[in-house]
*Asks:* 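Have a look at this one before I ask anything.
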Amino acid sequence: QVQLVESGGGLVQPGGSLRLSCASSGRAFSSLAMAWFRQAPGKEREFAAAVSQGGGSTYYADSVKGRFTVSRDNVKNTVYLQMNSLKAEDTAVYYCAAGSGNYRLTPSYRYWGQGTQVTVSL
C-alpha cells in the first residue's frame, strides 16, 4: 500500500511560484508512476503533470507546459511540482496520485493524496 501526503500549497500572486511536495510512506513508491491532478471549484479533476517511475520521462498538460516542472526523488520517496509563472486559472486543489496506465486518466492512479489548495490571486 501507498500513502500520499501533499504539502506546499498556499496563496501566491499571479506570476509567482510555488513548489508542491508529495511524500509517500510506501515502499512501492519507486515502482509507480506519479502524477499531479488539479480540480477547480465546479470543474472536473484534470491532469496536470506526470513523471515515470524512474523520473526519466515527464508529461504535461498543455495548460501548464513550460511553466510547471514535475520531478521525483526516489530516495526521499517524494514527488514535486514546481509551479512558475502562476496564473489565476491555476487556482485549484492539487492532488498527488500514484499508479500506472494512461497517465492522463484518473483511473490509472490507485493511490491519491488528500490535496493541497493553491490560490493565485492579487
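Every heavy atom of this structure was used, including side-chain atoms; hydrogens, water molecules and symmetry mates were not.
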*Asks:* Which ring pair (Phe, Tyr, Trp, His ring centres under 6.0 Å) pairs, counting each pair once, include a residue from residues 38-58, with sequence neighbours left out?
*Replies:*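 For residues 38-58, and leaving out neighbouring residues, the ring pair (Phe, Tyr, Trp, His ring centres under 6.0 Å) pairs sorted by first residue read Phe37-Phe47, Phe47-Tyr103.
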*Asks:* Are Tyr109 and Tyr59 linked, directly or through intermediate hydrophobic residues, by side-chain heavy-atom contacts shorter than 4.5 Å (ILVMFWY only)?
*Replies:*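 Same cluster.
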*Asks:* Is there a donor-acceptor contact under 3.5 Å from the side chain of Arg45 to the main chain of Val93?
*Replies:*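 No, the answer is negative, given that no donor and acceptor are paired below the 3.5 Å cut-off.
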*Asks:* Is the backbone N or O of Leu11 less than 3.5 Å from a side-chain atom of Thr119, with the two atoms forming a donor-acceptor pair by type?
*Replies:*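 Not at all, since once roles are kept as given, no pair shorter than 3.5 Å links the two residues.
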*Asks:* Measure across Ser108 and Gly101 and return the closest heavy-atom pair with its distance rounded to 0.1 Å.
*Replies:*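 In this case the closest contact between Ser108 and Gly101 is OG-C, 3.5 Å.
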*Asks:* Do we see a donor-acceptor contact under 3.5 Å between the side chains of Thr78 and Asp73?
*Replies:*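 Side chains of Thr78 and Asp73: no pair found under 3.5 Å.
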*Asks:* Closer than 3.5 angstrom, by distance alone: can the side chain of Arg19 be matched with the main-chain N or O of Gln82 as a donor-acceptor pair?
*Replies:*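 Checked: no pair found.
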*Asks:* Which residues pass the salt bridge (Lys or Arg N to Asp or Glu O under 4.0 Å) test with Lys65, sequence neighbours left out?
*Replies:*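 Checked Lys65 against salt bridge (Lys or Arg N to Asp or Glu O under 4.0 Å); matches are Asp62.
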*Asks:* Please report the interatomic distance OG1(Thr69) to CZ(Arg67), rounded to the nearest 0.5 Å.
*Replies:*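 Here the interatomic distance stands at 11.0 Å.
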*Asks:* Take Arg38 and Glu46, measure what side-chain contact (heavy atoms from CB on, under 4.5 Å) needs, and give me the verdict at the end.
*Replies:* CA-CA 5 Å; Arg38 63 186 187 179; Glu46 66 177 5; 2.8 Å; yes
*Asks:* Can you list, by chain and residue number, the hydrophobic cluster partners of Leu18 when the side-chain cut-off is 4.5 Å?
*Replies:*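 Its cluster mates, by chain and number, are Val2, Leu4, Val12, Leu20, Phe29, Leu32, Met34, Trp36, Val51, Tyr60, Val64, Phe68, Val70, Val79, Leu81, Met83, Leu86, Tyr94, Tyr111, Val118, Val120.
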*Asks:* So, taking the atom named CZ in Arg72 and the one named OG in Ser30, what distance separates them when rounded to the nearest 0.5 Å?
*Replies:*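 Output value for this atom pair is 7.0 Å.
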*Asks:* Kindly indicate, with the supporting measurements, whether the criterion side-chain contact (heavy atoms from CB on, under 4.5 Å) is fulfilled by Tyr95 and Glu6.
*Replies:* CA-CA 7 Å; Tyr95 297 91; Glu6 302 98 332; 4.1 Å; yes
*Asks:* Would you indicate whether Gln39, at its atom CD, is surrounded by more than 12 heavy atoms from other residues, nucleotides or ligands within a distance under 6.0 Å?
*Replies:*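 Yes.
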*Asks:* Could you tell me which non-hydrogen atom of Ala40 sits nearest to which non-hydrogen atom of Ala92, and how far apart they are?
*Replies:*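 Distance-wise, the nearest heavy atoms are N-CB, 3.8 Å.
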*Asks:* Is a side-chain donor or acceptor of Asn77 paired with a backbone partner of Cys22 at a separation under 3.5 angstrom?
*Replies:*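 No, Asn77 side chain to Cys22 backbone: no donor-acceptor pair under 3.5 Å.
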